Amino acid sequence: DENNNQDGEQIVIFEEKITKVNGEVAIKRYQRGKFLGKGGFAKCYEATNLENKKVMAAKIIAKSSLTRNRARQKLVSEIKIHKSLQNSNVVQFEHVFEDHENVYILLELCCNQTLNELIKRRKRLTEIEVQCYVAQMINALKYLHNNNVIHRDLKLGNLFLNKNMELKLGDFGLATKLEFEGEKKRTICGTPNYIAPEVLDGKVGHSFEVDVWSLGVIIYAMLIGKPPFETPDVKSTYKKIKMNQYSFPDQVQISDSAKQLIQKILVLDPSKRPTLDEIMAHSFMNSGGTIPKVLPLSTLACPPSIQYNKQ
Ligand SMILES: CC[C@@H]1C(=O)N(C)c2cncnc2N1C1CCCC1
């Protein structure tokens, strides 16, 4: 019947009521699609804009779960920062609205999940694939940092893959925008495996370099198959990070330039870490055989746009 689709599933529509300047009320309707999973306080579904049939990813947050001020402030900050961003390697923020029960955040759909699932399935990636994903991450991070935004929660699970396997940086729940030149942040936040030592230190402030540290952790995790400081419990992970204690397992053969790049990034002193441009120019990012000027597109692990940028 009108409330169930052909395989008997209930059809759920969520509506946005818009009161126009002339007082007219317009209604935008979205049809809820398959459940994508939970993300923090949010239940996530595919959602189709019934006007233009565009399919997006919807984060639906029950207002009842936002009673604590911290959670509410985090959501307001996430929306304010993410809404202001527009880049080919950043998840596109499509729309946000609310009704009596929920807040609805509509985002670019990334139907190949995240690098976390990819690494789980593949165990580890080839150096060529890693170069390709690192180039896209650097593109996103350069854009963020040029807009005075620090992501602060870079990890495999926040690196989404769209239908063309293009990388899209998402989840700005812990992101922050610096208001003045040289400003330092002090709030301790991030995900244990990827958090920078100076954030744990708590005494000195932290800045853009925390994202470079996390990028180093991600490069190690993509090549080796797990993050460098991972241990069964958070406390010992923090100890290893502060002691800069990690190694390269003999079982996994990676190139010297890959090892060198990781060692260059994972240094305790943030001022000693390479800039994003220096990482891009590192031999690891330009090794793996010279790429012929004219590329047979089929051979490309990553979208032609990125490869050409590297030339
Ligand atoms: C909608 C939330 C989150 C996300 O941020 N994006 C961009 C996304 C985009 N496309 C599919 N899923 C996405 N997710 C998943 C849903 C469950 C956990 C994280």
Side-chain angles (χ1 to χ4, degrees), residues 12-14 16 28 30-50 52-63 65-66 71-99 101-121 133 136-137 139-141 143-144 147 149-177 189-194 211 214 218 221-222 303:
V12 175
I13 304 279
F14 36 86
E16 178 187 9
K28 268 190 188 167
Y30 303 87
Q31 179 165 332
R32 205 182 72 181
K34 78 171 181 177
F35 181 63
L36 293 170
K38 291 190 65 113
F41 289 116
K43 283 190 174 165
C44 308
Y45 297 85
E46 285 189 2
T48 306
N49 177 327
L50 290 179
N52 59 18
K53 302 294 174 220
K54 190 171 179 182
V55 187
M56 297 170 282
K59 270 173 97 163
I60 305 177
I61 303 109
K63 285 183 175 176
S65 70
L66 292 174
R72 183 194 301 258
Q73 275 163 358
K74 193 166 170 273
L75 183 64
V76 166
S77 165
E78 172 181 348
I79 293 169
K80 190 160 171 265
I81 290 177
H82 198 169
K83 202 177 190 175
S84 70
L85 304 173
Q86 164 113 32
N87 176 272
S88 56
N89 290 119
V90 171
V91 166
Q92 187 55 48
F93 187 99
E94 300 286 355
H95 193 41
V96 58
F97 65 94
E98 59 183 288
D99 62 17
E101 295 78 33
N102 302 309
V103 175
Y104 303 85
I105 299 176
L106 296 174
L107 301 166
E108 172 179 5
L109 182 66
C110 300
C111 49
N112 280 308
Q113 296 179 303
T114 75
L115 278 181
N116 209 25
E117 288 80 31
L118 185 67
I119 303 287
K120 275 200 188 108
R121 266 200 316 274
Y133 289 127
Q136 296 176 74
M137 281 180 245
N139 186 44
L141 285 177
Y143 169 78
L144 248 51
N147 284 276
V149 171
I150 316 174
H151 187 279
R152 299 204 298 185
D153 195 18
L154 273 187
K155 58 183 175 183
L156 295 174
N158 283 340
L159 296 165
F160 294 89
L161 297 165
N162 70 0
K163 62 183 181 316
N164 307 326
M165 292 301 276
E166 285 157 338
L167 180 137
K168 306 276 181 174
L169 173 55
D171 197 336
F172 290 82
L174 293 181
T176 186
K177 186 159 176 117
C189 64
T191 302
N193 273 319
Y194 298 83
D211 284 344
S214 303
I218 288 167
M222 288 193 286

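Atoms within each ligand, like the ligands themselves, are counted from 1 in listed order. From a predicted model like this one, the values you see are computed outputs, not experimental measurements. Throughout, residue positions are numbered sequentially from 1 according to the sequence presented.
- Atom CD of Gln136 sits about 8.0 Å away from atom OG of Ser88, to the nearest 0.5 Å.
- Using modelled atom types and a 3.5 Å distance limit, the side chains of Asp153 and Tyr194 yield no donor-acceptor pair.
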Can you produce the list of protein nitrogen or oxygen atoms under 3.5 Å from a nitrogen or oxygen of ligand 1, alongside each distance?
unit_1, atom_1, unit_2, atom_2, d
ligand 1, 10 (N), Cys110, N, 2.8
ligand 1, 10 (N), Cys110, O, 3.4

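- In terms of the salt bridge (charged side-chain N to carboxylate O under 4.0 Å, His left out) criterion, residue partners of Lys54 (sequence neighbours excluded) are, by chain and number, Glu94.
- Aromatic ring orientation, Tyr30 versus Phe97: parallel (interplanar angle below 30°, classes split at 30° and 60°).
- The backbone N or O of Gly33 lies less than 3.5 Å from no partner atom in the side chain of Glu46, so there is not a single donor-acceptor pair.
- In Tyr143, the OH atom is crowded: over 12 heavy atoms of neighbouring residues, nucleotides or ligands sit closer than 6.0 Å.
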